[in-house]
2 protein chains.
Amino acid sequence: MVRWQPGAFERLRSAALELFEETGYEQATVAGIAARAGVTERTFYRYFADKREVLFAGGEDLQRLMADAVAAAPHTDDAARLVAVALDALATAFPDELRAHARRRGAVVKSQPALLEREMLKLESLKATLSTALAKHGVAPVRAAVAAESAVGVFHVSFARWVADGEERSMAELQQEALEELRAVVMWV
Amino acid sequence: MVRWQPGAFERLRSAALELFEETGYEQATVAGIAARAGVTERTFYRYFADKREVLFAGGEDLQRLMADAVAAAPHTDDAARLVAVALDALATAFPDELRAHARRRGAVVKSQPALLEREMLKLESLKATLSTALAKHGVAPVRAAVAAESAVGVFHVSFARWVADGEERSMAELQQEALEELRAVVMWV
DNA sequence: GTCTATAGTGCGATAGAC
DNA sequence: GTCTATCGCACTATAGAC
């Protein structure tokens with residue numbers, strides 16, 4: 001008998017999502033997830049820092065994608081231009097093929113404050129990354145910070161709409177629209 | 001001998017903050033906090049949903065303050081004007097007398113991702129409240145959502161600066177400055 | 001106020017890949 | 001042989017149920 005099959009990481013992710021959908025997040029135990037994936041509880045914790053993290057693994061990729069795009073942007077301290085670059089990069093991470101899976105995952109996350117909490121921490125981390133990337137282009141700290149807050153805010157609102165029932169427009173399109181709404185708000189001041 | 005002294009809630013809050021400062025958040029146990037406050041562990045959980053929450057109690061007051069201010073604002077669907085009302089209301093909750101305490105608390109929160117996570121959830125809740133309040137004034141949903149994201153972003157950045165070492169300006173002043181930076185970013189598009 | 005499930009950690013043993 | 005993924009077990013503390 002083999003001690004391990006390859007792909008424990010992916011098996012754990014699928015097992016967790018399925019089990020959360022079947023029994024609810026709180027009812028599902030780490031032992032149950034591990035059993036379904038054919039590993040022990042201890043192995044789960046080798047891959048994921050805690051029970052929630054199994055739904056958020058891969059978030060670093062998103063950050064790197066965005067940070068790299070901003071770093072590679074033409075040199076400018078025009079924060080608005082850099083924000084547009086960041087949003088374009090983020091949009092590429094959410095092609096239509098991923099929408100169905102994102103909806104399943106989103107439904108679970110929405111059902112549980114503890115998971116929403118983790119999602120907000122990931123967004124905060126994204127803000128920090130963007131703010132730093134803007135600052136590296138010479139954007140002043142406070143301006144970089146508020147630009148990052150608003151940009152990630154636009155992303156957040158757009159992502160929520162992207163996974164909403166019946167929505168078919170692309171992330172890029174929804175972000176564009178949200179950005180125009182932001183402009184309208186700020187212009188009025 | 002008295003079975004309990006009044007003010008368990010406040011004693012628990014103080015005991016927790018002190019113990020977190022002395023031993024670090026993770027080392028401190030709920031039993032230890034309860035003992036220092038002269039109550040049992042069970043009593044701690046009567047007042048606070050979990051160990052983290054002891055540092056965030058009172059967040060609902062902030063939401064109510066803001067929601068009431070926006071609700072009482074002159075009828076308009078001008079999101080920018082309503083955002084200004086919301087920010088003004090928030091600023092009143094952070095007078096200079098509270099800064100020293102906010103710094104102590106902030107230092108603990110910053111030291112622990114689990115606490116930062118909870119802070120972000122509170123801010124998300126603030127966003128939701130503001131978005132709803134704007135919508136009640138007739139602001140369109142998407143516009144209300146991005147306006148709330150940016151407004152709470154401005155608040156977040158300003159609060160971080162308000163508690164920063166050596167900072168002496170008021171919340172109102174810092175928010176004003178952050179708002180101007182946001183304007184500058186969005187205007188440039 | 002007591003009792004219990006389970007999340008999460010530390011450490012050592014072991015099986016398989018190379 | 002080395003290296004690393006997995007496992008087993010003992011343990012604490014949180015948090016909820018009764």
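Reminder, nothing fancy here: chain letters follow the sequence lines and each chain counts from 1.
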**Student:** How far apart are the closest heavy atoms of Met66(A) and Ala89(A), and which atoms are they?
**Tutor:**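 That would be CA-CB, 4.2 Å.
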
**Student:** Please state how far atom CZ in Arg42(A) lies from atom C1' in dT9(C), giving the value in whole angstrom units.
**Tutor:**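 Nearest whole value for this atom pair: 6 Å.
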
**Student:** Any salt bridge linking Glu124(A) with Lys127(A)? Criterion: basic side-chain nitrogen under 4.0 Å from a carboxylate oxygen.
**Tutor:**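 Salt bridge between Glu124(A) and Lys127(A), a charged N being under 4.0 Å from a carboxylate O: yes.
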
**Student:** Starting at CD1 of Ile33(A) and ending at P of dG8(C), how long is that distance when rounded to a whole Å?
**Tutor:** 10 Å

**Student:** Do you know which two heavy atoms are closest between Ala160(A) and Val163(A), and how far apart they sit?
**Tutor:**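 Of all heavy-atom pairs spanning Ala160(A) and Val163(A), the closest is O-CG2, 3.4 Å.
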
**Student:** Output the rounded distance in Å from CD (Gln27(A)) to P (dA7(C)).
**Tutor:** 11 Å

**Student:** Would a distance-only check, ignoring hydrogens and angles, find a side-chain to backbone donor-acceptor pair under 3.5 Å from Lys51(A) to Ala28(A)?
**Tutor:** yes

**Student:** Quickly work out the Phe48(A) CZ to dA5(D) C1' distance and round it to whole Å.
**Tutor:** 14 Å

**Student:** Over how many whole Å does the gap from Arg46(A) atom CZ to dA5(D) atom C1' extend?
**Tutor:**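 Interatomic distance, CZ of Arg46(A) to C1' of dA5(D): 5 Å.
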
**Student:** Can a side chain N or O of Tyr47(A) be found less than 4.0 Å away from OP1 or OP2 on dA5(D)?
**Tutor:**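 No, outside the criterion.
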
**Student:** Given dT6(D), is OP1 or OP2 found less than 4.0 Å from the side-chain N or O atoms of Thr40(A)?
**Tutor:** no

**Student:** What is the distance from CD of Glu41(A) to P of dA10(D), rounded to the nearest Å?
**Tutor:**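 To the nearest whole Å, that distance equals 14 Å.
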
**Student:** How is Phe44(B) classified with respect to the nucleic acid when contacts are heavy atoms under 4.0 Å: base, sugar-phosphate, or nothing?
**Tutor:**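 Nothing: the residue Phe44(B), judged by heavy atoms under 4.0 Å, touches no strand.
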
